[in-house]
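Comments concern the structure below.
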Amino acid sequence: MSTDQEWTEEQQRVDEVTSLIRGRIRKLEAEVGRVREDVVSMRKDFWDEVTMNFSESDDVGETSTSLRQQSQVLSDREQRHKQSATMLNRLNRLLQSPYFGRIDFAEMEGREEKIYLGIASLLDDNEVGFLVYDWRAPISNLYYDSMPGPASYETPSGPMEGELTLKRQFVIRDGRIRFMFDTGVTIGDELLQAVLSRSSDAQMKSIVATIQKEQNRIIRDDRSRMLIVQGAAGSGKTSAALQRVAYLLYKYRDRLSADQVVLFSPNPMFNSYVSTVLPELGEENMSQTTFQEYLERRLGREFQLEDPFEQLEYVLSASDQPAYKARMEGIRFKSSQIFQSMIESYKPLLEREGMIFKPVRFQGREVVSAEEMARKFYNFDPDIRLANRLELLREWLLKELAAFGKEEYTASWVDQQIELLSSEDYQRAYTRLRRKNKRIDETFDDFDRERSILARMVVSDRLKPLRKWIKALRFVDITRLYSELFRNRKLAERLSGGAELPSRWEEMSRLTLERIGEGELAYEDATPYLYLREITLGFRSNGGIHHVFIDEAQDYSPFQLSFLKRLFPRAKMTALGDFNQAIYAHASVLQDNGPLMGLYGPDQTELISLTRSYRSTKEIVEFTRGMVAGGEHIIPFNRSGDKPEVTEIGTRGKLHESITRDVEALLGEGYESVAVICKTAEESAAAHEALEKLLSVKPRLIKKTTPAFEKGIHIIPAYLAKGVEFDAVLIYDGSSRRYARESERKLFYTACTRAMHLLHIYSLGQTTPFVTGQSPETFIYRDLTN
């Protein structure tokens, strides 16, 4: 422990640093105000400062120069304002807590240096020495990875060796030291206890002061092309990933920007939950999306797309329907690598035979038939790649359309359209012609010439959508090509390469074709359909993204991850997940590390496992880890609390009374976020309708479209709670009637592991075997069935 004298000396340093920060804030606030006024004034008077003259060519050049100069001055001021505002924001954050750690390090045969670490760097008044080092600086790695004694850290010029003589941790709030202790390990339990005992927040917080050694490996890994993080529930996967983004933006700030990083998250509410972490660290937020949002952008105009939550609702609640088993087989098969290989084998076959086209039609007439297009396509040199042949076919179709258009100039429908033209249309035709021929007279000089000009304009305008349709390669009938895989079993068997098709292939195919015929695309069909379109028409890759982060990676199939690799060919990928939370019916990419390891190859892949759980109390972890295979390897953090409670209740009315009584008590005890977790959206809606009438504080029903996470009482389906944490979790109905199938085990485990401080499971009747299978010593049982 630190002595009173050391505490006093450290507080004096905090006072000096915060005083310096306050002085800089005052100066910067005045400067930001002045620059803002300049920018506002310049925007207001922009055109007054520019001489406008278009009478002569020299004057036009002078005007253009004046515009550029004035625009550059304004841009410089706006950039200066942005930089000053960013610095001001950083100083205001440092003022509250200028640093969280100190290490004393002596280089070999060098003097010992005191190094203080914070969320951002701070230089002294001479801008030479560091008062605070950024937690991402190379030397800061000593704090996270080293113990007192011989130590080294990497620099651009090579390793720097020496001795670490002190590692000290602080908790500073509003310029006052609240905790201070020296430690020989990475992060002392005292600091973690202080952080983890707090209530959950509406947004995830940056906790760079408590980064653990294994999390630091994730954050600072910059060699792997594929970084796989398999982590237990509450092990800090997402937090480490976001701090990894901040680290990469800091280390490669000269060639990496936030818009070159994309995060695929599980749902829109999760995006809100993590939205403050990077700004807290002084970085702009990266692009955030969901895989479903990407699919909607690409396919939403063609189909009504099912989303993963609709699919999951079906999986969880439709087991008594006749087509259920066939649909389940289809979900598993369409996400498999076998089906991916089938689609990849389809492409070389289409280069030889089987391409399906849509005829080019205009006003009900066939301009070019599908048969003509197929003949032309297969008459091209067979050595030309499929996508290139389609490009040639497109050029041919545009020429055919142009020839067709010329023949239409004299058609009667053209005269009818000319009669309907307005004076504005006439002026447009004249202006268009004058652009092409500057020596044209001021007016149309005879009827025939006028009619010819107007006919061209009318035909051109009417054919414009068709030209656009051809340019977009819409004449390739991808829907029929995909449907043919299920309509023609011999084709499917030919492409499968000997692999056996699902036992319910016919029924599965019928369901697929029915939905496609109705303009719908099941979630399991969306990725294969888009993949077929991409490899046929040419892959639309995004080379501007350098890093892809995939949270809840266990929800992705190997097929989907392979698709994302092709979508972002220049990017490094970080995939974070927990196989024990793989709740979807398709095969998880984390089920077997083979597909993930093979995506970029073992030499470019790093696998890091996180086994310590920090979110929940020791009692909750000891209870929940028994539910899943390999749970014995999950290590709880030593933070004690109450044992989980399991209550069997006889009627739904009593269930609602018990939940209401317990929620009201929790709010009275200061719990700020309480979740009543249900199995499905339907059950959540029914629970919300009942509890809303009983609770004094209105509960919030969480849906898949809920945009933001807030504190309070939440009623939420289990699958939407992934990645989020709550002070207290109440499982609405954990009975064997609701959770009995083995496929529901991970969903139940996911729901229970959302709890930070308290877990209470209610059961309408007999409790699920996922609970009764645990040691009776890990929970408290109450029987209220009488």
Side-chain angles (χ1 to χ4, degrees), residues 171 173 178-179 189-205 207 210 233-234 273 613-624 636-649 653-678 684 687-688 690-702 708-716 718 721 724-734 750-763 767 771 777-784:
V171 174
R173 296 286 180 268
R178 304 295 173 86
F179 298 100
D189 281 359
E190 297 95 331
L191 183 54
L192 264 175
Q193 288 277 15
V195 171
L196 297 174
S197 62
R198 298 179 311 183
S199 293
S200 68
D201 290 295
Q203 278 88 31
M204 178 180 282
K205 297 298 182 186
I207 49 172
T210 59
Y273 183 59
S613 179
Y614 299 98
R615 174 188 296 136
S616 307
T617 61
K618 182 179 180 181
E619 287 75 10
I620 292 174
V621 174
E622 288 177 341
F623 170 70
T624 56
F637 179 69
N638 191 24
R639 179 170 62 87
S640 295
D642 296 332
K643 286 184 179 181
E645 290 187 19
V646 179
T647 303
E648 288 190 0
I649 296 180
K654 285 186 178 179
L655 170 67
H656 294 151
E657 289 174 10
S658 293
I659 291 176
T660 300
R661 184 172 57 250
D662 290 344
V663 169
E664 299 283 8
L666 290 170
L667 294 176
E669 293 171 21
Y671 287 84
E672 295 183 345
S673 68
V674 178
V676 178
I677 299 185
C678 303
S684 297
H688 180 263
L691 294 173
E692 189 177 32
K693 300 170 185 175
L694 300 173
L695 287 163
S696 60
V697 177
K698 188 174 181 179
R700 189 177 187 217
L701 177 62
I702 304 298
F709 184 77
E710 299 171 359
K711 291 185 179 181
I713 306 168
H714 305 81
I715 300 177
I716 182 171
V724 185
E725 58 192 26
F726 305 91
D727 291 335
V729 164
L730 288 69
I731 303 297
Y732 177 75
D733 181 8
T750 299
C752 292
T753 55
R754 301 306 95 199
M756 290 178 65
H757 308 299
L758 183 141
L759 173 63
H760 196 150
I761 299 168
Y762 304 90
S763 174
T767 305
V771 168
E777 297 177 358
T778 61
F779 63 94
I780 298 169
Y781 173 76
R782 292 192 300 168
D783 185 354
L784 298 181

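These figures come from a predicted structure and were not determined experimentally. Because only heavy atoms are used, hydrogens play no part in the values below, and waters and symmetry mates are left out as well, while side chains stay in.
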### Query
Side chains of Arg754 and Arg615: does their closest heavy-atom pair fall under 4.5 Å?
yes
#### Entry: Contact check, side chains of His656 and Leu694, non-hydrogen atoms, under 4.5 Å
yes
### Query
Within a strict 4.5 Å, meaning less than it, do heavy atoms of the Asp642 and Ile780 side chains meet?
no
### 4.5 Å side-chain heavy-atom contact, Ser658 and Ile649
yes
### Atom of Ile716, atom of Ala675 and distance for their closest heavy-atom approach
CG2-CB, 4.4 Å
### Task
Please examine the side chains of Tyr614 and Arg639, heavy atoms only from C-beta on, and report whether any two atoms are closer than 4.5 Å.
no
### Message
Tell me the closest heavy-atom pair linking Cys678 and Ala687, and the distance in Å.
### Response
SG-CB, 4.0 Å
### Query
For the atom pair CZ (Phe179) and CZ (Arg173), what is the distance rounded to the nearest 0.5 Å?
9.0 Å
#### Entry: CD1 on Ile713 to CZ on Arg700, rounded to 0.5 Å
12.5 Å
### Message
Can you tell me if Lys643 has over 12 outside heavy atoms packed within less than 6.0 Å of its NZ?
### Response
yes
### Query
For the atom pair CD1 (Ile731) and CD1 (Ile677), what is the distance rounded to the nearest 0.5 Å?
5.0 Å
### Task
Could you tell me whether the side chain of Val663 reaches within less than 4.5 Å of the side chain of Tyr671, counting heavy atoms only?
no
### Query
Side chains of Thr767 and Phe779: closer than 4.5 Å at any heavy-atom pair?
no
### Query
If you take all heavy atoms of Asp662 and Leu730, which pair is closest and at what distance?
CB-CD2, 4.3 Å
### Message
Can you tell me how far apart OG (Ser763) and CG (Asp733) are? Round to the nearest 0.5 Å.
### Response
6.0 Å
### Summary
Note: Cys752 and Ile620 closest approach over all heavy atoms is O-CG2, 4.4 Å
#### Entry: Rounded distance [0.5 Å steps], OH in Tyr781 versus OG1 in Thr647
8.5 Å
#### Entry: Whether Glu664 side chain and Ser696 backbone form a donor-acceptor pair below 3.5 Å
yes
### Message
Quick check: do Leu701 and Ser684 have side-chain heavy atoms less than 4.5 Å from each other?
### Response
yes
### Query
Counting N and O atoms only, with roles assigned by atom type, does the side chain of Asp727 sit under 3.5 Å from a partner on the main chain of Val674, one being a donor and the other an acceptor?
no
### Message
Quick check: closest heavy atoms across Ser613 and Val621, and the distance to 0.1 Å?
### Response
OG-CG2, 3.8 Å
### Heavy-atom closest contact (Pro636 atom, Glu622 atom, distance)
CG-CG, 4.3 Å
### Message
By the definition side-chain contact (heavy atoms from CB on, under 4.5 Å), identify the one residue from Ile659, Leu691, Ile702, Leu695 that meets it with Ile715.
### Response
Leu691
## Note on the structure
Sequence neighbours excluded, the answer for ring-ring contact (aromatic ring centres under 6.0 Å, His included) partners of His714 is Phe709, Phe726
